[in-house]
Peer 1: 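Here you go, one structure.
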Amino acid sequence: MSRPVRLTVNGAPASFDVEDRTTLLDALRDELGLTGTHAGCEQGACGACSVLLDGEIVRSCLLLAVQAGGRTVTTIEAVGSPGRLHPVQEALRRHHGLQCGYCTPGVVLTAIDLLERVADPDEEEVREALAGNLCRCTGYAGLVDAVLAAARDAGPGR
Amino acid sequence: MKPAPFAWHPAGSVEEAVSVLSADEDAKLLAGGQSLLPLLSLRLARPTTLVDLEDAGLGVLEIADGDRAQPAASGDSRVLVAGAMVRQRRLELDPLVAATVPLLADAARHVGFPATRNRGTLGGSLAHADPVAELPAVAVALDATVVATGPRGERRLAASALADGFFATTLEPAEVLTAVRFPAAGPGHGAAWCEWSPRLHDFPDAGVGVAVELDGTGALRWVGAAACGIGGGPLPLGDELAATAAGATEATPGLLRAAAGAVTAAARGAGDGRDELCGLLAARALAQAFRRAQDRQVAS
Amino acid sequence: MPRTEDARLLTGLGRYLADHDVAGLHHVAFARSTLAHADIAGIDVAAAATLDGVVAVVTAADLRAAGARPLSHRLAPPYQPLSWELLAVDRVRHVGEPVVAVVAASRAVAEDAVELLDIDYRELPPVVGPAAAMAPGAPLLYPEWGTNEFVHLEGSTAGVEEALAAAPHRLQESFESHRVIGLPLEAHGAQGSWDPARGQLTLISSAQQPHQLRSVVAEACGLREAAVRVISPDMGGGFGNKQHFTREECLVGMLAIMTGRPLRWSADRTEALTASVHSRPQVHHVDAGFDDRGRVVALRVAVTSDLGHPVLYFSGIGPSLVTVGALSGGYAFPEVGWSLSAVATTTCPVGAYRGFGQPQAHLSTERVLDRIAQRLGVDPLDVRRANLLPAEPRPWRTYSGGLVDCGDLHAMVDTLVAEFGYHEWRHRQAEARSAGRHLGVGLSTLVQGTAPNQHDTAARFGSLETAMVTVLPDATVTVAVGTKSQGQGHETVFAQIAADALGVGPEAVTVADGDTGRLPYGQGTWGSRSTVMGGGAVVTACRRLRARMAAIAAHLGLTLPEEGPVDADVLAAVAATAWWVQHRLPPGVEPGLSTTVTYTPGRTNPSADGLQNHDETYSSHMTAVAVEVDPATGSVTVLDALCVSDCGVVVNPTLVEGQHQGAFAQGLGNVLWEEVRYSPDGQPLCATLLDYTIPSSLDVPRLRVVHQPTPSATAGGFRGVGEAGLIALPAAMVGAVEDALSPLGVRLNSTRLHPPAIRAAVRATGWRPDPAAWAAAGLEDRRR
Ligand code: FES
Ligand code: FES
């Protein structure tokens with residue numbers, strides 16, 4: 001009952017065979033080994049599994065892998081590397097915006113999605129944008145500071 | 001927490017979807033999936049086939065001439081036709097929606113989160129019929145018309161005739177909700193969606209949408225309203241508000257108190273004090289709608 | 001200093017439990033009881049066992065045949081006897097109790113197989129809530145006990161009764177803490193693999209205490225401890241929920257042995273919410289006597305604690321024991337008496353969660369002080385000042401044997417008053433009241449035991465920590481420690497501690513934790529113990545090494561100071577000599593530069609009177625919150641919150657700040673939105689994150705933190721941090737919300753500050769909102 005799926009993941013063509021019932025979350029993790037996308041609930045309620053689909057933030061547990069056929073998916077693995085962090089990642093690091101790190105990939109992608117749309121968000125807008133990304137560790141203070149700082153550092157030229 | 005097996009069927013047209021549904025009574029439509037996927041993962045929904053409407057051509061969002069037989073409440077006889085697969089995110093952000101059906105835009109930003117609104121659809125929300133969902137109540141508040149296509153062709157029904165209790169609609173098993181036609185706002189139009197949830201971003205305990213139309217003299221000549229979170233489906237409140245607010249030129253404290261009282265009475269029976277909450281929200285939404293209508297009149 | 005672990009966690013390169021795929025990995029799903037209480041009349045596995053992709057379907061009988069041993073709570077009388085097998089035998093006693101295990105090629109197939117099982121339950125009456133459990137004629141979970149009371153304990157100072165009888169004023173009330181869950185964002189789980197050639201079981205588990213888990217798994221699987229290696233990888237939070245040595249972890253070990261396949265169980269969110277570990281449910285009947293100045297002269301608390309189905313190591317009794325020992329907190333109550341009735345019910349086991357029994361105790365003490373203030377018509381701040389420990393003596397011996405070594409609490413309260421602007425807030429409150437708004441202020445003056453130990457009950461916990469510190473030949477440093485970070489940033493903290501003690505840069509230090517293969521023993525992370533105990537072990541080991549290094553340097557004619565930075569060339573020469581040139585070492589000096597220290601501060605040994613100081617040290621946290629309540633909706637908005645904190649020597653202020661913010665958010669969530677609910681027939685009503693609602697970024701304001709540290713007497717001077725918000729917030733919030741609504745006459749006796757509960761409490765007073773005013777007030781609120 002498997003079906004071949006072809007798509008673009010992190011800028012490169014990817015393909016796998018999955019059952020129709022497989023979520024994009026599971027396919028990314030199990031078929032492509034992209035374990036940076038985390039399962040926090042598999043119920044669409046926590047945001048830990050957030051990825052970009054054709055450049056828009058979505059929850060990969062709320063999408064079947066087969067639905068992503070022919071589309072473009074961006075996961076945390078394509079955003080910065082330990083030696084060269086993305087500005088949002090760097091800001092999270094500087095402002096202690098993570099503790100256990102389990103929510104973090106989803107937070108990073110959600111923040112990037114926000115800053116794509118709103119160049120200089122205020123605190124309220126940042127909190128609003130992150131409201132779907134539950135974090136049990138940080139109390140959000142460092143996380144909000146980080147996104148505000150990342151926006152500031154990106155400067156008016158954004 | 002993994003779904004039980006099913007077959008995914010991407011439908012290239014509404015007709016194709018209808019024929020799959022007709023052939024298999026355990027097939028189910030997939031229209032964004034932001035509510036359906038959790039139910040699948042929890043194995044609370046167990047379809048044999050998921051008919052995906054993604055590519056069925058239901059993404060239209062345009063102004064059209066209204067249906068003369070069912071006169072729009074507004075002075076404008078045009079309608080906004082929104083296809084079932086229009087994303088909630090687009091309802092929230094598209095200027096066309098904000099200009100022509102402001103209540104829809106105002107309510108859409110309360111639906112889920114940006115990440116779910118990017119996938120979740122108008123038709124999916126109406127067909128899922130979650131009693132706490134905003135969009136079905138918006139459709140009822142505005143006297144919108146729902147368009148559905150089934151084995152016997154297309155039919156239209158009033159939004160208020162769609163709901164059929166908790167998570168149920170009056171659609172036939174093989175019918176596909178294809179579009180919703182919202183009356184377009186005229187110059188004296190103002191609308192507001194107000195809801196209250198325990199966490200700031202959550203399913204609401206109650207939500208109320210109010211739209212008003214002021215005439216040339218600034219007097220209220222039409223009001224539409226409905227609530228979510230009370231009972232098994234959208235609670236129409238237009239009559240209650242019309243009875244208290246018709247002809248009013250200001251949302252005076254007295255008017256708001258009367259409106260809240262009438263709405264609370266209509267919502268009676270909702271637990272946890274949600275009836276009273278509903279009344280308060282109606283008062284706030286009415287005040288806001290009034291103000292926006294006045295602003296719009298001044299601006300035009 | 002930013003954290004070392006962040007670079008990998010930020011880029012998706014952390015390796016959590018579920019990120020350990022290996023060739024041939026199989027997956028485990030459990031059939032869990034769907035009923036609260038039932039006999040199992042039969043299990044038919046035939047259909048499940050023949051499903052494509054299924055490798056094994058295992059029942060309790062199969063486990064027994066394979067040599068699995070039952071677990072027991074390891075408690076002696078007066079605790080009721082209790083042991084349980086890894087899967088339920090004959091009877092289930094809570095929804096979610098595991099009955100059958102399925103091993104399959106994928107989790108999805110394993111779940112398909114679970115659905116094909118035919119388990120014949122004969123329903124028995126449920127027991128939900130301690131009142132039902134203790135009602136005459138209640139159905140019994142364990143008929144052999146003759147009761148549902150798992151244990152009844154009492155303790156008292158000598159003069160409680162007399163002092164109560166003679167007290168000028170008395171108050172008698174009940175206070176309730178409701179059931180919540182710690183809810184790490186990564187649910188629990190374990191992955192096992194069995195090497196038959198070596199007879200070695202490797203268990204990767206998202207566990208807070210890998211070494212102690214090893215003991216339990218070895219026992220359950222019938223192996224020697226040396227045959228089990230437990231690895232705790234990156235963890236997505238723990239908060240006490242991952243320290244219970246669960247049946248499921250043992251099952252994964254057994255299933256790996258039985259099937260010979262590597263396999264993993266990752267709890268899904270529903271399992272985590274309904275079938276892991278809940279916390280907190282207690283009711284306190286309080287009787288307090290006080291004088292005209294608001295001083296408590298005697299406090300007696302009867303605690304009823306709901307243990308759920310107590311099939312946890314130590315039966316989850318630990319938090320309740322902490323509760324009855326922590327009833328005086330930072331206060332000089334001269335007489336204290338208590339009783340504890342811990343009751344079994346047919347609900348999910350109740351155990352550890354950050355705060356561990358202290359929030360419930362603190363709720364009662366703070367509520368008592370607030371009530372005294374109300375009765376006497378004085379400021380609650382003054383009542384606290386009247387009762388706080390005097391500056392001398394230290395340690396202060398508590399009724400339960402505690403040796404409280406905290407700093408000057410009065411000075412901390414002075415700081416709180418100034419920094420929070422207590423009097424200004426009272427002023428604002430008065431103004432708001434006259435404008436018809438409902439502002440309130442709540443206080444908590446907390447002294448919290450840290451690095452705890454319960455020799456007498458939790459016999460396998462003890463109070464030690466182990467660290468191995470090595471200066472390698474290239475002068476870089478490795479630290480292995482027996483604590484286990486779940487997100488607290490130990491790699492950074494211990495690197496800083498070691499770097500500081502050794503006089504090297506923190507970047508020279510690599511820290512490893514969570515692997516029984518690297519260090520003989522350790523006790524993991526819980527009870528704010530890591531910096532105190534792990535830090536103490538690391539500091540002690542480093543000091544030892546540094547003394548050795550200094551001796552070698554001197555022998556080589558080089559200078560290596562006792563403190564402060566060490567010259568890189570000197571260090572290089574010393575390291576090379578120590579490892580490679582033994583004949584140049586001073587006589588009697590051990591070669592190499594590695595040492596393993598097992599450290600105990602030694603302050604928790606029982607004293608001659610039989611009482612025990614249960615905590616190696618104490619941290620203090622003075623908290624004030626200002627809230628506004630909308631009585632119409634029941635919503636509570638925190639306007640300001642400040643904590644004056646003494647957690648001893650601060651290693652990394654940023655990380656301490658993070659601990660405070662995180663605990664604050666959880667404490668707030670616990671009271672404002674969270675509750676694990678059950679239906680009357682014992683069905684869990686919170687199976688998803690839509691039912692169990694933790695706060696989001698929109699709901700949690702920023703806590704202001706002010707440090708007023710005093711070093712403890714433990715090695716390094718640390719006091720521990722991380723639980724203050726969980727303990728302080730519920731009490732402070734109940735006080736603040738009640739204060740806000742006091743003009744309406746609302747009284748609050750429970751931690752349920754959920755909007756519907758507040759709404760109901762307000763309604764009961766007859767107060768009704770004015771819709772016109774409410775509508776106008778919200779017109780500008782862009783968030784609603
Ligand atoms: S795992 Fe997808 S939203 Fe939680
Ligand atoms: S850092 Fe642990 S959940 Fe966010």
Side-chain angles (χ1 to χ4, degrees), chain B residues 1-5 35 38-39 41-44 46 109-110 113 130 132 192-207 210 251-264 271-274 276-292, chain C residues 27 29 106-112 114-115 187 266-272 630 632-637 669 672-674 687-691 693-700 754-763 768-784:
Chain B
M1 188 179 308
K2 310 293 176 193
S35 300
L39 296 178
S41 290
L42 288 159
R43 301 195 178 207
L44 294 173
R46 315 183 53 109
R109 71 190 175 92
H110 288 277
F113 302 95
D130 187 331
V132 300
W193 178 269
C194 290
E195 68 177 46
W196 193 87
S197 54
R199 293 181 298 175
L200 276 168
H201 234 308
D202 208 344
F203 288 113
D205 278 8
V210 174
T252 61
L255 170 58
L256 295 178
R257 286 185 195 117
V263 168
T264 300
D272 283 344
R274 281 176 300 124
E276 213 158 73
L277 191 56
C278 195
L280 294 174
L281 290 163
R284 186 174 284 179
L286 179 60
Q288 228 164 48
F290 232 106
R291 198 158 77 177
R292 288 176 183 167
Chain C
H27 296 265
S106 72
R107 171 82 184 208
V109 171
E111 290 184 20
D112 295 344
V114 164
E115 288 193 319
S266 289
D268 66 28
R269 185 49 60 192
T270 297
E271 288 180 282
D630 178 357
T633 59
S635 73
V636 177
T637 307
L672 291 184
W673 301 284
E674 300 172 26
T688 74
L689 288 180
L690 304 179
D691 319 306
T693 48
I694 67 172
S696 82
S697 54
L698 282 170
D699 302 310
V700 186
H754 314 133
I758 299 297
R759 229 148 55 203
V762 168
R763 272 201 163 196
R768 286 291 179 277
D770 172 17
W774 193 85
L779 283 182
E780 307 305 331
D781 186 351
R782 68 188 247 216
R783 305 210 292 180
R784 292 283 187 195

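Keep in mind that what you see is a predicted model, and the values were worked out from it rather than measured. Here is the naming used below: chain letters follow the sequence lines, and residue numbers restart at 1 for every chain.
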Peer 1: What distance separates C/L698 CG from B/H201 NE2, expressed to the nearest 0.5 Å?
Peer 2: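 So the CG of C/L698 and the NE2 of B/H201 are separated by 6.0 Å.
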Peer 1: Picking from C/P769, C/A632, C/A760, which has the most non-hydrogen pairs under 4.5 angstrom with chain B?
Peer 2: C/P769
Peer 1: Heavy-atom distances under 4.5 Å only: say whether C/L672 touches chain B with side chain, backbone, both or neither.
Peer 2: neither
Peer 1: Is chain B contacted by the side chain of C/R759, its backbone, both, or neither, given a heavy-atom distance below 4.5 Å?
Peer 2: side chain
Peer 1: Heavy-atom distance under 4.5 Å to chain B: side chain of C/R269, backbone, both or neither?
Peer 2: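 Both backbone and side chain.
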Peer 1: What part of B/L286 is in contact with chain C, defined as an atom under 4.5 angstrom from a non-hydrogen atom: side chain, backbone, both or neither?
Peer 2: neither
Peer 1: Does the side chain of B/R46 reach to within under 4.5 Å of the side chain of C/E115, using non-hydrogen atoms?
Peer 2: yes
Peer 1: I'd like to know if the side chain of C/E111 and the backbone of B/M1 have a donor-acceptor N/O pair within less than 3.5 Å.
Peer 2: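 Yes, C/E111 side chain to B/M1 backbone: donor-acceptor pair under 3.5 Å.
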Peer 1: What heavy-atom pair brings B/R199 and C/W673 nearest, and what distance separates the two atoms?
Peer 2: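 In this case the closest contact between B/R199 and C/W673 is CG-CD1, 3.4 Å.
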Peer 1: Between C/A108 and chain B, with a heavy-atom cut-off of 4.5 Å, which part of the residue counts as in contact: side chain, backbone, both or neither?
Peer 2: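 Both backbone and side chain.
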Peer 1: How close do C/D699 and B/L200 get, heavy atom to heavy atom, and via which atoms?
Peer 2: OD1-N, 2.9 Å
Peer 1: For the candidates B/L280, B/D272, B/L256, which exhibits the highest count of non-hydrogen atom pairs separated by less than 4.5 Å from chain C?
Peer 2: B/L280
Peer 1: May I ask you to test the C/D112-B/P5 pair for a side-chain heavy-atom distance under 4.5 Å?
Peer 2: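 Contact flag for C/D112/B/P5 side chains = yes.
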Peer 1: For C/S106, which atoms come within 4.5 Å of any heavy atom of chain B: side chain, backbone, both, or neither?
Peer 2: neither
Peer 1: Has the side chain of B/R257 got a donor or acceptor atom that lies under 3.5 Å from a matching backbone atom of C/D770?
Peer 2: no
